[in-house]
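Remarks on the structure that follows.
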2 protein chains.
Amino acid sequence: MNYTRDNMAGLLRSHEINPTHQRIEIAHALFSRQEHLSADQVMAAVNTRHSETSKATVYNTLKLFLEKGLVSEVIVDPSKVFYDPNTTPHHHLYEVDSGKLSDIDAGSVQISGLPPLPDGMVTEGIDLIVRVRRQP
Amino acid sequence: MNYTRDNMAGLLRSHEINPTHQRIEIAHALFSRQEHLSADQVMAAVNTRHSETSKATVYNTLKLFLEKGLVSEVIVDPSKVFYDPNTTPHHHLYEVDSGKLSDIDAGSVQISGLPPLPDGMVTEGIDLIVRVRRQP
DNA sequence: TGGCCAATCTGGACTTTGTCTAATCTCGCG
DNA sequence: CGCGAGATTAGACAAAGTCCAGATTGGCCA
Ligand SMILES: [Mn+2]
Ligand SMILES: [Mn+2]
Ligand SMILES: [Zn+2]
Ligand SMILES: [Zn+2]
């Protein structure tokens, strides 16, 4: 799969998102890199050549993508949220010193023995984060 | 175990923390409740009667407690960190709508199939968060 | 007892992440 | 064309957290 800007328009439409120039650029930043990016990093990525997308639009758009299920969010760093082009259930490895965040495939991992949920509650997701640091 | 202020002094000393009035109050707020509290909530708990502990001291002290292993931090909410008087390995259930955070005992939960760590890395911790929401 | 001084605490300025709003822009359609 | 719903924008605002220089504390020794 090649994440060209042209393909982004179709991807957006398939998630019921009206493909505008800014939205295409933001989707392209996330999907072409296939990396976890913070709002700030998206902002920088999208405005490298010249300033074309405002902070408000970056935040609005990431929230829209999240609602529409185009991206997921990863909460590992107390100071910022990361946005993830991978929406399949998967886990994360977080290198505490460097802030590097990478995926762990959910296929091989198995979680068992979780207690039953409180009444009237449904699981929204299970986040598993392995926090690692460079050997001291 | 009764978490009186007097017992807090000994608890602090056993973690190589000089027990000052403010530190005792902050530890007491966390341990007597046995709940997950944000810095803001600690601040409020400690200053109910009359203002006695500054914001800077609350943040400094929570960071000190964390370094000394007296409390742990839980990162589930993108807008604030929770501090946890429970430092034994355990998991969390997070009710997204209400923000309620509760413990899941690690004893019964089993996680298997995690890939080997990158070279020269050691696990600092494994965070498992079950995000739930009220049935729609 | 009183003074010293290292550790601690403090108010408040500052930074960063994120939100909000009112004004402006865009673009497909009649 | 030109309308208007939806989208974008600048910049004010809010909340969490950090930082610093000065004030306080309290244990210890003369
Ligand atoms: Mn462009
Ligand atoms: Mn008191
Ligand atoms: Zn991921
Ligand atoms: Zn806990």
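In what follows, every heavy atom counts, from backbone to side chain, and hydrogens, waters and symmetry copies are set aside. Below, read A as the first sequence line, B as the second, and so on, with proteins coming before strands; counting in each chain starts at 1.
A tilted orientation is assigned to the rings of B:H36 and B:H90, their planes being inclined by 30° to 60°.
Between the side chain of A:N7 and the main chain of A:N2, a donor-acceptor pair closer than 3.5 Å is present. A distance-only check finds no donor-acceptor pair linking the side chain of B:E67 to the backbone of B:L64 [under 3.5 Å].
Residue-level contact check: A:T53 touches the backbone only, with heavy atoms under 4.0 Å from sugar-phosphate atoms and none from bases. As judged by a 4.0 angstrom heavy-atom cut-off over every strand, A:T20 is placed among residues touching the sugar-phosphate backbone only.
With hydrogens and angles left out, the side-chain atoms of A:N86 and A:T88 include a donor and acceptor closer than 3.5 Å. Checked by atom type, the side-chain pair B:T4/B:D6 shows no donor-acceptor distance below 3.5 Å. A donor-acceptor contact under 3.5 angstrom links the side chains of A:D77 and A:Y94, judged on distance only.
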What does the list of N/O pairs under 3.5 Å between the protein and nucleotides 19-26 of chain C look like, with a distance for each?
residue	atom	partner	partner atom	Å
C:dT19	O4	A:K55	NZ	3.4

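Taking atom CE of A:M43 as the reference point, atom P of C:dT17 lies 12 Å away to the nearest angstrom. Rounded to whole angstrom, the span from the CZ atom of A:R13 across to the P atom of C:dG28 amounts to 11 Å.
B:Y83 pairs with exactly one of B:L30, B:V74, B:L70, B:V42 by the side chain to side chain contact (heavy atoms under 4.5 Å, CB included) rule, that one being B:L30.
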Practice task
Determine, step by step, whether A:H91 and A:D103 satisfy the side-chain hydrogen bond (donor to acceptor under 3.5 Å, both in side chains) criterion, reporting the C-alpha distance in whole Å, the side-chain angles of both residues, the deciding distance to 0.1 Å, and the verdict.
Solution key: CA-CA 6 Å; A:H91 308 302; A:D103 282 349; over 6 Å; no
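For A:D97 and A:R134, the salt-bridge test fails: no basic side-chain N is under 4.0 Å from an acidic carboxylate O.
Here chain A contacts DNA chain D (any atom closer than 4.0 Å to a heavy atom, that is under 4.0 Å), and the contacts span D:dA7 to D:dA12 from 5' to 3'.
Using a 4.0 Å cut-off on heavy atoms, the residues of residues 78-87 of chain B that approach DNA chain D are B:S79, B:K80, B:V81, listed by number.
Side-chain contact check for A:I17 versus A:F65: some heavy-atom pair is nearer than 4.5 Å.
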